Amino acid sequence: MHQNAAAAGPRQTPTLRDSYLTHLECGLCATPYDADRLQTTCPSDRRPLLARYALEKARTELDRDELSRRTAGMWRWGELLPVRDREHRISLGEGSTPLLPLLRLARSLGVTGLLGKDEGRNPTGSFKARGMSAAVSRALELGAVGLVAPSAGNAGAALAAYGTRAGLPVTVVMPSDAPLSARRQAERFGARLILVQGLISDAGARARQLSAEERSLDVSTLREPYRAEGKKTMGYELAEQLGWRLPEVVVYPAGGGTGIVGMWKAFEELQTLGWIGAARPRLVAVQSTGCAPLVRAFDSGDRFAQPFPDARTRAAGLRVPSAVGDFLILDAIRASGGCAIAVEDSEMDAARAEIASLEGLDVSLEAAATLAGYRRLLEDGLVEQDAETVLFLTGSGLLEG
Ligand SMILES: Cc1ncc(COP(=O)(O)O)c(C=O)c1O
Ligand SMILES: [Zn+2]
């Protein structure tokens with residue numbers, strides 16, 4: 001086992017060993033790493049590390065229905081999450097979001113089986129809460145003394161909330177055009193907010209510099225292993241809510257792509273656990289035409305994406321010109337038989353108004369991109385009208401402005 005970046009040593013020897021976590025593994029070169037110290041990316045290729053669990057053992061000891069009867073929230077899957085001691089779980093009630101039938105929308109589109117996973121119900125108003133709950137809990141457990149992350153907005157607000165609840169100092173670096181609601185939220189939670197000119201990639205460079213200078217843990221998307229673990233619970237819930245099967249299509253608004261990586265991992269884990277079969281949904285990543293690095297790579301058959309020049313879109317969470325987990329996202333989409341597509345901001349605006357007026361759901365622009373993408377798939381004949389499809393409504397409409 002190799003060691004990697006660290007701050008202080010573990011806060012205490014874990015006592016309650018109820019997590020099946022065994023080790024970390026590089027998503028690219030498969031080198032194993034010690035999971036019980038703070039790690040960032042693989043030192044040899046700087047690519048994401050993924051958490052691995054003793055799933056064969058878990059298969060014989062865990063009962064999916066027993067877990068499902070526990071208190072609502074993502075920590076009901078605690079044995080399959082990375083935190084060893086329950087005392088270290090930092091929770092604000094994230095997860096167990098509703099999977100809503102979108103009947104009026106479906107009728108207007110002439111389709112059946114359209115569902116929306118309403119992630120805007122999460123603490124701080126977005127699915128980023130799941131990832132930060134897992135990452136902050138594990139960082140606390142392993143003795144981190146401070147946390148820093150770049151953010152388009154929502155991840156920073158979530159980090160500030162969970163970091164505060166854990167009693168850890170938080171620094172959030174956002175592009176200066178990040179949504180005001182997220183900036184204000186982060187500040188109210190007591191985070192140090194640093195605004196930089198430029199894009200999330202520029203914020204990322206500044207966060208890495210601060211992390212090195214101040215010995216705080218960099219919890220950038222997929223640059224530490226555990227945000228993806230929180231996000232994977234969306235995949236567990238999907239299976240649970242559909243009676244232990246998966247839908248035919250999942251449409252997801254992709255920036256850094258942690259949700260896709262996490263959910264794809266969840267589906268594999270669920271199958272190894274014997275909780276679902278081999279069928280997988282086709283994964284569709286939706287991006288903006290103004291920032292579509294994954295779509296370009298998908299179309300040109302590349303495994304790695306080139307940074308997207310002059311990235312521009314009003315959907316702040318999709319303004320991500322390059323993603324460190326690009327190959328994991330592209331591998332998952334391809335293995336699932338899905339695709340990556342780009343939509344215009346104007347299509348997101350229209351979709352947002354449609355979801356609100358037909359379904360009573362006020363979602364963020366990124367979330368609305370899923371409907372715009374789905375409409376495009378239908379028009380292009382890439383999805384059948386009766387294919388059961390889940391739109392990931394990743395954030396609340398109340399967040400912007
Ligand atoms: C509401 C919303 N949806 C989608 C995304 C993109 O998420 P991911 O980085 O997991 O691709 C973000 C990221 O900021 C977001 O805030
Ligand atoms: Zn590696």
Side-chain angles (χ1 to χ4, degrees), residues 2 4 24-33 39-50 117-122 124-132 149-159 172 174-175 178-179 181-182 185 199-200 203-204 220-223 225 227-228 230-232 234 251-264 283-288 291-294 305 313-329 332-333 340 348 352 362-370 373 391-400:
H2 301 238
N4 197 354
L24 301 171
E25 188 180 276
C26 174
L28 187 63
C29 71
T31 305
Y33 293 91
Q39 306 273 14
T40 53
T41 50
C42 173
S44 47
D45 49 38
R46 291 284 151 214
R47 291 295 184 164
L49 300 182
L50 301 172
K117 182 92 169 128
D118 186 11
E119 289 292 303
R121 309 281 187 100
N122 277 301
T124 68
S126 85
F127 71 144
K128 300 280 176 183
R130 295 179 189 260
M132 289 305 182
S151 168
N154 296 334
L159 174 62
V172 177
M174 292 188 197
S181 59
Q185 253 195 338
L199 292 165
I200 181 88
S220 304
T221 300
L222 288 169
R223 288 186 198 274
R227 279 173 67 182
K231 295 265 187 91
K232 91 179 174 190
M234 295 189 294
V251 188
Y252 179 89
T258 335
I260 290 190
V261 173
M263 277 195 277
W264 190 246
L283 296 179
V284 178
V286 184
Q287 298 202 294
S288 159
C291 181
L294 298 169
T313 163
R314 277 183 287 112
L318 305 186
R319 216 154 48 218
V320 182
S322 65
V324 65
D326 52 1
F327 66 104
L328 294 170
I329 306 164
I333 293 171
M348 296 182 211
R352 184 178 180 187
D362 183 17
V363 303
S364 71
L365 214 51
E366 297 87 353
T370 59
L391 306 182
F392 265 84
L393 306 175
T394 46
S396 159
L398 296 173
L399 288 172
E400 288 150 61

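As the structure is a computational prediction, the values presented were derived from the model and not from experiment. Read the numbers this way: they start at 1 and go in the same order the structure lists the ligands and their atoms.
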Heavy atoms only: give me the nearest Pro48-Gly325 pair and the separation to one decimal.
-> CG-CA, 4.0 Å

Shortest non-hydrogen contact between Lys117 and Met234, atoms and distance = CE-O, 4.4 Å

Do Met263 and Lys232 pass the side-chain contact (heavy atoms from CB on, under 4.5 Å) test, and can you show the C-alpha distance, the side-chain angles, and the key distance before you say yes or no?
-> CA-CA 5 Å; Met263 277 195 277; Lys232 91 179 174 190; over 6 Å; no

Gly259 backbone acceptor or donor facing Tyr252 side chain under 3.5 Å | yes

Main-chain N/O of Thr40 paired with Arg223 side-chain donor or acceptor, under 3.5 Å = no

Given OD1 of Asp45 on one side and SG of Cys29 on the other, what angle do they make at the Zn ion (ligand 2), to 10°?
-> 150°

Amino acids in close contact with ligand 1, where any non-hydrogen atom sits under 4.0 angstrom away = Phe127, Lys128, Asn154, Lys231, Tyr252, Pro253, Ala254, Gly255, Gly256, Gly257, Thr258, Gly259, Gly317, Ser364, Glu366, Thr394, Gly395

Say you draw a straight line from CG of Leu393 to CG of Asp362; how long is it, rounded to the nearest 0.5 Å?
-> 11.0 Å

